[in-house]
Visitor: 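The structure follows.
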Amino acid sequence: MSKKNAGEPGIEIIETPEALAGQINKAEAFFIKNRKVVLGIGGAILVAIVAFAGYRFYIDSQEGTAQNALASVVYDFEADSLQKALNGSGGNEGLLSIADSYKGTDASNLANFYAGVALLKQGKYDEAIDHLKSFSSSDLLIHARAQSLIGDAYMEKNQAAEAISYYQKAADYEKNEYFTPVYLMKLALAQEKAGKAADAVASYKRVVEDFPLSTEVVNAKKYMGLLEGQVGK
């Protein structure tokens, strides 16, 4: 049997049956003394588990209803009948109702995206921003698209500084040969509007150097050349 080393308290627990029995006795004494507290904690954990399971069951049961409602209203959205899409028609719920009534479901999340796009088209920029910020996605294209749309809304509100933040997020999220150059061009424009010419040059340069085959390259070179004269480069 190994000897206990200095500075290693408790090693005897795994080395001698007597020490282990002593620890079990201590645990029993603690439980008896603190029975109400221990049972209370255990009960609280059980309640939390049951509550979570109930929440998931509720969300899962709501998901089918919400998906059906969303499927009906997407036709109006794609037909550019934005008012019908947002508010519903013919007894069908609209995007705003779906987003609000089925929170926690995937359908509600997607409804926020559609609603944000529709509201942006209607010029309701603050409402569009709220709905797009409520949307989340792990899809690399849709996530970046949502960030870019928030930037668009801020640009329409003449808030270039805020737009820069969201265009930057869109451009930096999972580089894509087709869409990232577009986001970089929007970012550069916002930077120009905010008086950050040097930053805009850097964004245009990213398009030219990182995406040489992009359709945005010609304009990026042109605008970069104009700005370089202004910033003395």
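This chain uses plain numbering: 1 for the first residue, then up along the sequence.
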Visitor: Could you report the tightest heavy-atom contact between Glu216 and Pro181, atom names first, then the distance?
Guide: CG-CB, 3.9 Å

Visitor: Rounded to the nearest 0.5 Å, what separation is found between the CG atom of Asp126 and the NZ atom of Lys157?
Guide: 3.5 Å

Visitor: Can you give me the closest heavy-atom contact between Leu95 and Ala111, atom names plus distance?
Guide: O-CB, 3.8 Å

Visitor: What is the distance from atom OG of Ser137 to atom CG of Asp106, rounded to the nearest 0.5 Å?
Guide: 10.0 Å

Visitor: Please step through side-chain contact (heavy atoms from CB on, under 4.5 Å) for the pair Leu141 and Glu174, ending with a clear verdict.
Guide: CA-CA 8 Å; Leu141 297 181; Glu174 299 292 343; over 6 Å; no

Visitor: Is there a continuous path of hydrophobic side-chain contacts, each under 4.5 Å between heavy atoms, that joins Phe113 to Tyr75?
Guide: no

Visitor: Hey, are the side chains of Val73 and Asn92 touching, using non-hydrogen atoms and a 4.5 Å cut-off?
Guide: no

Visitor: Report the residues that fulfil side-chain contact (heavy atoms from CB on, under 4.5 Å) with Ser134, sequence neighbours left out, ordered by chain and then residue number.
Guide: Asn112

Visitor: Is the closest side-chain donor-acceptor distance between Tyr102 and Glu93 under 3.5 Å?
Guide: yes

Visitor: Could you work out, with ring-ring contact (aromatic ring centres under 6.0 Å, His included) as the rule, every residue matching Tyr167, not counting sequence neighbours?
Guide: none

Visitor: Say you draw a straight line from CZ of Arg145 to CG of Asp152; how long is it, rounded to the nearest 0.5 Å?
Guide: 7.0 Å

Visitor: Working to the nearest 0.5 Å, report the span between OH of Tyr125 and CG of Leu149.
Guide: 12.5 Å

Visitor: Ignoring hydrogens and angles, tell me if any N or O in the side chain of Ser108 forms a donor-acceptor pair with the backbone of Gly104 under 3.5 Å.
Guide: no

Visitor: Quick check: closest heavy atoms across Ala220 and Val208, and the distance to 0.1 Å?
Guide: CB-CG2, 3.9 Å

Visitor: If you define the side chain from C-beta out and look only at heavy atoms, does anything of Tyr173 sit under 4.5 Å from His143?
Guide: yes

Visitor: Assess the residue pair Val207 and Thr180 against the criterion (side-chain contact (heavy atoms from CB on, under 4.5 Å)); give the C-alpha distance rounded to whole Å, side-chain angles, the decisive distance to 0.1 Å, and a yes or no.
Guide: CA-CA 8 Å; Val207 176; Thr180 303; over 6 Å; no

Visitor: Find the distance between CG (Leu227) and NZ (Lys205) and round it off to the nearest 0.5 Å.
Guide: 13.5 Å

Visitor: Would you please classify the geometry between the Phe77 ring and the Tyr114 ring as parallel, tilted or perpendicular, with 30° and 60° separating the classes?
Guide: perpendicular

Visitor: Does Leu189 have any side-chain contact (heavy atoms from CB on, under 4.5 Å) partners at least two apart in sequence or in another chain, and if so, which?
Guide: Met155

Visitor: With a 3.5 Å distance limit and no angle check, can you tell me whether Ser165 reaches the backbone of Ala161 through a side-chain donor-acceptor pair?
Guide: no

Visitor: Quick one: are Thr105 and Gln67 in side-chain contact, heavy atoms under 4.5 Å?
Guide: no

Visitor: Passes side-chain contact (heavy atoms from CB on, under 4.5 Å), Leu213 versus Glu177? Steps please.
Guide: CA-CA 9 Å; Leu213 300 180; Glu177 296 293 328; 6.0 Å; no

Visitor: Apply ring-ring contact (aromatic ring centres under 6.0 Å, His included) to Tyr183 and list each qualifying residue two or more places apart in sequence or on a separate chain.
Guide: none

Visitor: Are a donor atom and an acceptor atom from the side chains of Gln191 and Tyr204 found within less than 3.5 Å of each other?
Guide: no

Visitor: Mind listing the closest non-hydrogen atom pair of Ser203 and Leu184 along with its distance?
Guide: CB-O, 4.0 Å

Visitor: Taking Phe211 as the starting point, is it possible to reach Val182 by hopping between hydrophobic residues whose side chains are less than 4.5 Å apart?
Guide: no

Visitor: Check Leu132 against Val117 and note the closest heavy-atom contact, atom names and distance.
Guide: CD2-N, 4.4 Å

Visitor: Can you tell me which residue pairs pass the side chain to side chain donor-acceptor pair (under 3.5 Å) test with a partner in residues 76-85, sequence neighbours excluded?
Guide: Gln83-Gln122

Visitor: Find the distance between CG (Leu82) and NZ (Lys124) and round it off to the nearest 0.5 Å.
Guide: 9.5 Å

Visitor: Looking only at heavy atoms, what is the nearest atom pair of Ala190 and Ala160, with distance?
Guide: O-CB, 3.7 Å

Visitor: Quick check: do Ile164 and Lys193 have side-chain heavy atoms less than 4.5 Å from each other?
Guide: no

Visitor: Compare all side-chain heavy atoms of Ile129 with those of Lys133 and state whether any distance is below 4.5 angstrom.
Guide: yes

Visitor: Tell me whether the guanidinium CZ or amine NZ of Lys169 lies under 6.0 angstrom from the six-membered ring centre of Tyr166 and within 45° of its axis.
Guide: yes

Visitor: Could I get the full list of side-chain hydrogen bond (donor to acceptor under 3.5 Å, both in side chains) partners for Arg206, not counting sequence neighbours?
Guide: Asp172

